[in-house]
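Presented below is the structure to which this report refers.
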Amino acid sequence: MSYASVAEVLGGKIAVDSQITVRGWVRTRRDSKAGISFINIHDGSCFDALQAVVPAELSNYENEVQKLTTGCSIAITGVVVRSQGKGQSFELQATNVRVYGWVEDPDTYPMSPKRHSMEYLREYAHLRPRTNITGAVMRVRHTLAQAIHRFFDERGYLWVSTPIITTSDCEGAGEMFRVSTLDMLNVPKTEDGKVDFSQDFFGKEAFLTVSGQLNVESYASSLSKVYTFGPTFRAENSNTSRHLSEFWMVEPEVAFADLNDIAGLAADMLQYVFAAVLRERPDDMAFFAQRIKADAVERLQAIVDSEFVHMDYTDAIEILQNCGEKFEYPVEWGVDLQSEHERYLAEKHVGGPVILKNYPRDIKAFYMRQNEDGKTVAAMDVLAPGIGEIIGGSAREERLDILDKRIEEMQLPKEEYQFYRDLRRYGTVPHAGFGLGFERLVAYVTGVQNIRDVIPFPRAPKSAAF
RNA sequence: UCCCCAGUAGCUCAGUUGGUUAGAGCGGUGGACUGUUAAUCCAUGUGUCGUUGGUUCGAAUCCAACCUGGGGAGCCA
């Protein structure tokens, strides 16, 4: 008895006339009084389900096969044949059907074979991977993750796992989740009435990381080309379609690189992974084009085929001021760009992703490298239509005196940055890196509008079920 | 966190100048028909009208608070 996946059968990997067993879940069943039933079975291996033709002669035809409903788990043994019907190249001529698990009450099975809203599916996060759309999203997500690792590996980057728990509250990227084993009903206090974290698990305050960047810089300052790919946590009360409390981030960090180097790296990476998805998941992408976003395939192909548009912040301000568009927030040099401005640039002015560079230093983080003009820092954002910022990066300030000055100006606790300053004291080098929001990338590629639908189990404010 | 909108059958939604027994499609079930394919046709059941309180002779409908979801904004990836 040999087993095969639906993808192998439909992909022509199994020779016609050979007998195999396919295991999975029933999507639909149709009975024909000609004495056969058609069962569509899916197993997650590809977008399409496999059609099995089940003859009425099977011993369990009446009491089992004809009672199968959407969601039942089964194994079908049969012979691979070329399909007599339209809609599929191959099908399975069944000789045996084994039922693993019935659907307790078909009337209330949440994943009926009809169109469900994304909001509804989210309430059944444990069952939604059985749907077309979540299955397709997860295959594309996997392909993107694999392509990212492959991209960096082929270029000599090392994957560095930066810590998820941190005792540094100075990462500066947002509100942090506390990690503690203290008894919340009986919190130990110091003499001056504060919480005595010396009695906590790590002997001091601890949090979940908001970014691996500061840590990974130390590995870039020795292994030269590194990247992180792991979970990140932000305790911000963000209720939008593009924020999660727990999300995955890809953060390359490159020694001896400047802003243009990593802007180029970001563009190369996006083109590489888009090409991989188009090549490896045409079935899922065709579905997104059909049901989610009509130009899903063309727009990725267009990005793969063309140069990325680079633009200086200063030039972007000028474009926004002279475009004739009415903005809610006025545009002038020195302000941070609002969503409406980013949207205009990516969606209307460029019509695709755009790389914005060299922002005013006063609206950016302390670690970004100061430019010669004294006004801007070597920072960049990659803005994508429909999503906004999917990548944020910069050259890092490698000159200790300038970094210290910046820490003082921004009134940050210098003593907390000892390890970070050490990297500038011992063999400092120019270096740069960026952070890619992985779920934002998946959302952009699939066209799915809400980021909560491109991660298996979304975590967001007031929402961490499953 | 702020602004706006929504919550009615398993799902998608209609229904509110306050008034008797709250509707449709899909799904489920039964049947007809068919190498079918989100099949088609006939029949059939289904409701704490988000929660709590208020106004009223009477509330799915009006009011308030809360909960949940959506869109937008801010924070950011």
Side-chain angles (χ1 to χ4, degrees), chain A residues 27-41 48-55 66-67 69-71 81 83-88 91 93 103-124 131-132 171-175 210-213 228 231-251 266 291 328-329 336-343 363-365 381-384 387-393 434-444 449-453 455 460-463 465:
Chain A
R27 176 144 290 145
T28 56
R29 187 198 89 235
R30 298 173 296 279
D31 299 324
S32 165
K33 279 299 180 298
I36 51 176
S37 286
F38 299 94
I39 296 173
N40 279 63
I41 180 174
D48 289 312
L50 174 67
Q51 172 164 284
V53 184
V54 185
Q66 288 201 301
K67 294 194 169 88
T69 56
T70 305
V81 297
S83 180
Q84 295 176 32
K86 291 177 180 171
Q88 60 277 318
E91 63 189 19
Q93 192 68 46
V103 166
E104 196 176 86
D105 178 8
D107 189 34
T108 55
Y109 177 58
M111 298 295 111
S112 63
K114 57 156 292 179
R115 190 167 195 155
H116 295 292
S117 67
M118 299 306 281
E119 295 79 36
Y120 173 77
L121 292 178
R122 218 173 288 148
E123 293 175 36
Y124 296 92
T131 63
N132 277 336
E171 292 181 0
E175 293 295 311
V210 293
S211 166
Q213 182 203 318
T228 73
T232 305
F233 307 87
R234 304 269 167 99
E236 244 104 46
N237 194 8
S238 298
N239 293 292
T240 79
S241 57
R242 55 193 184 281
H243 288 87
L244 290 165
S245 305
E246 175 183 297
F247 63 99
W248 286 60
M249 192 150 64
V250 179
E251 297 174 288
R291 286 277 291 277
E328 190 181 341
Y329 295 89
D336 209 353
L337 295 181
Q338 303 290 320
S339 286
E340 57 176 346
H341 306 140
E342 296 183 348
R343 276 216 150 104
I363 58 172
K364 288 292 182 183
D381 285 348
V382 179
L383 309 178
I387 307 277
E389 184 181 347
I390 60 170
I391 288 177
F434 65 76
L436 163 77
F438 184 58
E439 282 76 19
R440 288 187 179 177
L441 178 73
V442 180
Y444 179 71
Q449 300 219 334
N450 195 311
I451 199 166
R452 299 182 191 195
D453 302 319
I455 188 167
K462 299 278 186 294
S463 176

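Each chain gets a letter, A, B and so on, in the order its sequence line appears, and its residues count up from 1.
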Quick one: label D381(A) by what it contacts on the DNA or RNA (base, sugar-phosphate, nothing), any heavy atom closer than 4.0 Å.
nothing
Please state whether the phosphate of A38(B), meaning OP1 or OP2, lies under 4.0 angstrom from any side-chain nitrogen or oxygen of T28(A).
no
Residue-phosphate contact under 4.0 Å: Q338(A) side-chain N/O, A73(B) OP1/OP2:
no
Rounding to a whole Å, what distance do you find between I390(A):CD1 and C76(B):C1'?
14 Å
Nucleotide opposite C66(B) in a Watson-Crick or G-U pair, distances under 3.5 Å
G50(B)
Does either side chain, that of Q88(A) or that of S83(A), offer a donor lying less than 3.5 Å from an acceptor on the other one?
yes
Work out how far the P atom of G25(B) is from that of G58(B), and round it to whole angstrom.
36 Å
Heavy-atom donor-acceptor pair, Q88(A) side-chain to U36(B) base, under 3.5 Å:
yes
Between CD1 of I36(A) and CD of Q93(A), what distance do you get to the nearest 0.5 Å?
7.5 Å
Identify whether any heavy atom of S339(A) sits under 4.0 Å from a base atom; if not, whether one sits that close to sugar-phosphate; answer base, sugar-phosphate or nothing.
sugar-phosphate
Please classify the nucleic acid contact of E119(A) as base, sugar-phosphate, or nothing, using heavy-atom distances under 4.0 Å.
sugar-phosphate
Mind checking if R343(A) touches a base, just sugar-phosphate, or nothing, with heavy atoms under 4.0 Å?
sugar-phosphate
Verify the stacking flag for F438(A) against A77(B): centroid separation must be under 5.5 angstrom and the ring planes must differ by under 30 degrees.
no
A6(B) P sits how many Å from M118(A) CE, rounded?
23 Å
Picking from U1(B), C76(B), G71(B), the nucleotide nearest the side-chain atoms of R440(A) would be C76(B)
Starting at CD of Q66(A) and ending at C1' of G30(B), how long is that distance when rounded to a whole Å?
13 Å
Is any N or O donor-acceptor pair between the side chain of H116(A) and the base of C11(B) shorter than 3.5 Å?
no
Are N40(A) and A38(B) close enough that a side-chain N or O sits under 4.0 Å from OP1 or OP2?
no
Interatomic distance, CE@M249(A) vs CZ@R440(A), rounded to 0.5 Å, equals 10.5 Å
Closest to the side chain of I451(A), out of G72(B), U36(B), A77(B), is A77(B)
Report the nucleotide, chosen from C75(B), C76(B), G35(B), that has the shortest atom-to-atom distance to any side-chain atom of R234(A).
C76(B)
What is the distance, to the nearest angstrom, from the CZ atom on F434(A) to the C1' atom on C76(B)?
17 Å
For G23(B), which nucleotide in any strand shown is its Watson-Crick or wobble partner with both distances under 3.5 Å?
C13(B)
Determine the interatomic distance between C1' on G27(B) and the same-named atom on C13(B); round to the nearest Å.
14 Å
Residue pair M249(A)/R242(A) against RNA chain B: nearer the 5' end by closest nucleotide is R242(A)
Taking only the C1' atom of each, what is the distance from G7(B) to U51(B) in whole angstrom?
11 Å
Rounded to the nearest Å, what distance is computed from the NE2 atom of residue H243(A) to the P atom of nucleotide C76(B)?
8 Å
Sort out for me which residue in F247(A), W248(A), F438(A) forms a side chain to side chain contact (heavy atoms under 4.5 Å, CB included) with P231(A).
W248(A)
Given G69(B), A73(B), U29(B), which nucleotide is nearest the side-chain atoms of T69(A)?
U29(B)
G35(B) P sits how many Å from I39(A) CD1, rounded?
17 Å
So Q93(A), base contact, sugar-phosphate only, or nothing? Heavy-atom distance under 4.0 Å.
base
Taking all atoms of both residues into account, what is the closest heavy-atom pair of I391(A) and F434(A), and its distance?
CG2-CD1, 3.6 Å
Across the strands shown, which category fits E389(A) at heavy-atom distances under 4.0 angstrom: base, sugar-phosphate, nothing?
sugar-phosphate
Spacing of L337(A) atom CG relative to A73(B) atom P, expressed in whole Å:
14 Å
5' precedence on RNA chain B between I36(A) and E342(A) (nearest-nucleotide basis)
I36(A)
Between G50(B) and U12(B), how far is it from one P atom to the other, in whole Å?
14 Å
Establish whether the base of C75(B) is bridged to the side chain of S238(A) by a donor-acceptor pair shorter than 3.5 Å.
yes
Check every strand shown and say whether I391(A) touches a base, only sugar-phosphate, or nothing at a heavy-atom separation below 4.0 Å.
sugar-phosphate
Minimum heavy-atom distance D381(A)-G393(A), with the two atoms named
OD1-N, 4.4 Å
Distance only, no hydrogens: is a donor on one side chain within 3.5 Å (strictly under) of an acceptor on the other, for Q66(A) and S37(A)?
no
Base-pairing mate for G18(B) - Watson-Crick or G-U, with both contacts under 3.5 Å
none
Tell me the partner of C75(B), counting only Watson-Crick (N1-N3 plus N6-O4 or O6-N4) or G-U wobble (N1-O2 and O6-N3) with both under 3.5 Å; none if nothing fits.
none
Could you give the distance separating A43(B) and G72(B) at their P atoms, to the nearest angstrom?
44 Å
Looking at every strand, decide which applies to N237(A) at a 4.0 Å heavy-atom threshold: base, sugar-phosphate, or nothing.
base
What nucleotide, of G35(B), A77(B), A73(B), holds the atom closest to the side chain of T240(A)?
A73(B)
Whole-Å gap separating P (C26(B)) and OH (Y120(A)):
18 Å
N/O donor-acceptor pair, side chain E91(A) with base G35(B), under 3.5 angstrom
yes
In whole Å, what separates the C1' atom of A14(B) from that of A22(B)?
11 Å
Does R291(A) have a side-chain nitrogen or oxygen under 4.0 Å from the phosphate oxygens OP1 or OP2 of A38(B)?
no
Given that both distances must come in under 3.5 Å, which nucleotide forms a Watson-Crick or G-U wobble pair with U56(B)?
none
Touch check for V250(A), heavy atoms < 4.0 angstrom, all strands: base, sugar-phosphate only, or nothing?
nothing
For a quick check, tell me whether the side chain of N239(A) and the base of U1(B) share a donor-acceptor pair closer than 3.5 Å.
yes
What distance, rounded to whole Å, do you find between the two P atoms, one in A39(B) and one in U44(B)?
23 Å
Pairwise P distance for G45(B) and G30(B), with rounding to whole Å
15 Å
Would you give the length of the straight line joining atom CZ of R242(A) to atom CD1 of I390(A), rounded to the nearest 0.5 angstrom?
13.5 Å
Counting any heavy atom closer than 4.0 Å, what does T70(A) reach on the DNA or RNA strands: base, sugar-phosphate only, or nothing?
nothing
Are side-chain N/O atoms of R30(A) and T28(A) paired as donor and acceptor at under 3.5 Å?
yes
